[in-house]
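The block underneath contains the structure these notes are about, expressed in structure tokens.
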Amino acid sequence: MAKEQPAKISYFFGKGYVDLWNTIRDAWILNIDSAKRQFSLSAEKGFFSIGGGMNLVAAMAIFVFGSMITAFTTAVHVGVLLFFFACIYIGFGLLWLVDRIYIFANKIKNACPNPSCQASFLIPVYECPGCGRKHTALVPSRYGILKRTCLCGEKLPTTFLNGRGSLKAYCPECDFPLSGDTASRQYAFPVIGGPSVGKTCYINMVIDQMMSDVAPAQGWEMEFIGETDERDHALAMKSLKSGIRLLKTELNALTAYKMMLKLPKEKIGRRIYVYDISGEMFSSSSDFQNNQAYSYANGFIFIIDPLTLAQFAMEVEDKIDLNSYGASSKDFDDILNIMLINLEKMLGAKDKDMLKCNLAVLINKTDVPTLEEKVGETAAQQYLAEHADTCKSFMDARDEVCREFLTNYGAGNFVRTAESKFKSVHYFTCSALGHNHEGEPYEGKHVVDPLLWLLEQTDSSIKVTA
């Protein structure tokens, strides 16, 4: 049963029926009263008197012919009003359908940023700007077609076409306030990785370079949706530019930086959520399942710490201080398996099914000695030159050198599992900090490529030009 709304019911869905019934009832009452009045006059004068007989004939004529005329006019009245009401109802239904088509055609959706909720939904709860009352189903309905009237008298738009998305909104599940334009597309990109792989540093570097470099170069408008995110990011970047590493994430639930992206000549905006979570959370399947945003993620960035590979760590241990690089203690192959098991449960997928989302595998810490030569830009360019007949792009070459590196150092099972389960997998390399010298300003290298690739795969309107 639909929840009652704090709004006045439209005339055509409420009082209109009352008025129609009252009009019909009053017409019949008037007809019968007229016949009764003539019958009473006839009785007073005597049924067999001349005057009484005339009144009796009038009473019978009113009752018979008056009822016929009243029935006819009632039918005409009902027919006209029902036709008019039917037009209103058809218009209401069509407008509701147009609103839904607009939502699906423009891929509009919403998700709750509250880490304890993370629900996904189409239409949020909207607040009346006049009195603060909350409308849980602000759509074309019996409360109004194009607009509804709140109990306070304020007119509220009922579709995204005429301004519903500009109203203050809330999650329908937990009542958490939503920021930004709710008439926009929402993309979720969780960043996955074990403890100490550099997720938090990477996320802040990605966002910084997206906003300061990529967006201006592409002619995009990009800004934070909430003041809290903007403040937290500014503090994080102040630390990183001072050569101070960020503290590891301690939160047990997904938290996101939320940004609005507007493309040139595009009316519909894109809300981009980049999620972070503590690497320790991948030790437990139950902890993973508490984070529902994974179930509607558009793609994942999976960060690999190469120092997790024992053979590679042994090769470089005499060149670097492993402790200073903060090698991750969690096997990324285990993290992938936990992730896949729980995604299959969330999505109702079978073990043999391929997931309908993309995976960007990112090998971090390319500032570790010898790693750049193995998987970096130089290695990819060399591979492309040596295999020009079979390898046609730099991205394909980078995929190959990364696959070879992971396979040669004992992570072949990870490669095979990832490529068998995700719609598309591409490999990237970066240094989230740029170097490992405490006290010197940090600057990420090649950090934006995974997110840009996922955005291009998710939204065909997003094209990144060199």
Side-chain angles (χ1 to χ4, degrees), residues 2-3 5 99-100 103-104 106-129 132-139 156 159-160 164-192 199-200 203 207 223-233 249-261 268-278 281 286-301 339 342-343 345-348 357 451 454-455 458-459:
K3 187 176 180 180
Q5 299 295 300
D99 185 45
R100 279 298 192 270
I103 289 171
F104 289 107
N106 289 290
K107 301 176 182 178
I108 294 172
K109 65 177 181 179
N110 291 276
C112 181
N114 181 3
S116 301
C117 178
Q118 302 175 19
S120 179
F121 45 89
L122 285 179
I123 309 293
V125 172
Y126 288 102
E127 181 180 284
C128 172
R133 288 185 175 94
K134 292 181 179 177
H135 296 251
T136 58
L138 190 55
V139 296
L156 306 181
T159 72
F160 284 134
R164 178 177 58 198
S166 63
L167 298 175
K168 190 173 182 180
Y170 297 83
C171 171
E173 298 295 328
C174 71
D175 204 38
F176 193 83
L178 306 178
S179 300
D181 182 9
T182 54
S184 56
R185 302 177 187 179
Q186 183 165 313
Y187 300 141
F189 300 109
V191 178
I192 312 297
K199 294 189 301 298
T200 305
I203 290 171
I207 292 170
E223 61 185 4
F224 285 103
I225 292 175
E227 293 181 1
T228 301
D229 289 355
E230 186 172 10
R231 183 179 63 251
D232 291 347
H233 175 66
T249 304
E250 300 292 346
L251 297 174
N252 292 335
L254 279 169
T255 57
Y257 275 124
K258 302 170 287 294
M259 298 155 288
M260 176 63 78
L261 171 63
I268 302 297
R270 279 78 169 163
R271 279 171 296 155
I272 300 172
Y273 283 26
V274 181
Y275 286 93
D276 188 13
I277 191 172
S278 168
M281 293 302 291
S286 59
D287 290 336
F288 187 103
Q289 290 185 53
N290 289 331
N291 294 289
Q292 292 301 310
Y294 288 113
S295 64
Y296 55 78
N298 300 93
F300 297 89
I301 298 176
M339 174 182 166
N342 287 278
L343 278 175
K345 289 179 180 178
M346 287 179 173
L347 300 172
C357 52
L451 181 58
L454 287 174
L455 283 170
T458 303
D459 191 328

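Since the structure is predicted, the reported quantities are computational estimates derived from the model, not experimental observations.
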Quick one: does any side-chain atom of [X] pair with a main-chain N or O of [Y] as donor and acceptor, under 3.5 Å?
X      : Y      : answer
Asn106 : Ile108 : no
Tyr170 : Lys134 : no
Asp99  : Thr159 : no

Tell me, with the steps shown, if Met339 and Phe300 meet side chain to side chain contact (heavy atoms under 4.5 Å, CB included).
CA-CA 11 Å; Met339 174 182 166; Phe300 297 89; 3.4 Å; yes
Distance-only side-chain donor-acceptor flag, [X] / [Y], under 3.5 Å:
X      : Y      : result
Arg271 : Ser184 : yes
Thr182 : Asn110 : no
Gln5   : Thr136 : yes

Which residues pass the salt bridge (Lys or Arg N to Asp or Glu O under 4.0 Å) test with [X], not counting sequence neighbours?
X      : answer
Asp232 : none
Asp459 : Arg185, Arg270
Lys258 : Asp229

Between [Y] and [X], is there a side-chain heavy-atom distance shorter than 4.5 Å?
X      : Y      : answer
Thr255 : Tyr275 : no
Val274 : Ile203 : yes
Ile123 : Arg164 : yes
Cys171 : Val125 : no
Leu178 : Pro113 : yes
Leu343 : Ser295 : no
Leu455 : Phe189 : yes
Ser116 : Phe176 : no

Inter-residue atom distance [X].[atom1] - [Y].[atom2], 0.5 Å rounding:
X      : Y      : atom1 : atom2 : answer
Gln118 : Gln292 : CD    : CD    : 7.0 Å
Tyr273 : Met259 : OH    : CE    : 10.5 Å
Tyr187 : Tyr296 : OH    : OH    : 15.0 Å

Which heavy-atom pair separates [X] from [Y] by the least distance, and what is that distance?
X      : Y      : answer
Leu156 : Pro129 : CD2-CD, 3.5 Å
Cys174 : Asn114 : SG-ND2, 3.5 Å
Gln186 : Ala111 : NE2-CB, 2.8 Å
Phe160 : Ala183 : CD2-CB, 3.4 Å
Pro190 : Tyr294 : CB-CE2, 3.6 Å

One pair to check against side chain to side chain contact (heavy atoms under 4.5 Å, CB included): Leu261 and Ile272. What are the steps and the verdict?
CA-CA 7 Å; Leu261 171 63; Ile272 300 172; 3.8 Å; yes
Checking Cys117 against Glu173 for the side chain to side chain contact (heavy atoms under 4.5 Å, CB included) test, could you report, in this order, the C-alpha distance in whole Å, the side-chain angles of both residues, the deciding distance, and whether it holds?
CA-CA 8 Å; Cys117 178; Glu173 298 295 328; 3.9 Å; yes
May I ask you to decide if the ring planes of His233 and Tyr257 are parallel, tilted or perpendicular, using 30° and 60° as cut-offs?
perpendicular
Go through Met260 and Asp181 one step at a time and tell me if the side chain to side chain contact (heavy atoms under 4.5 Å, CB included) criterion holds.
CA-CA 8 Å; Met260 176 63 78; Asp181 182 9; 3.9 Å; yes
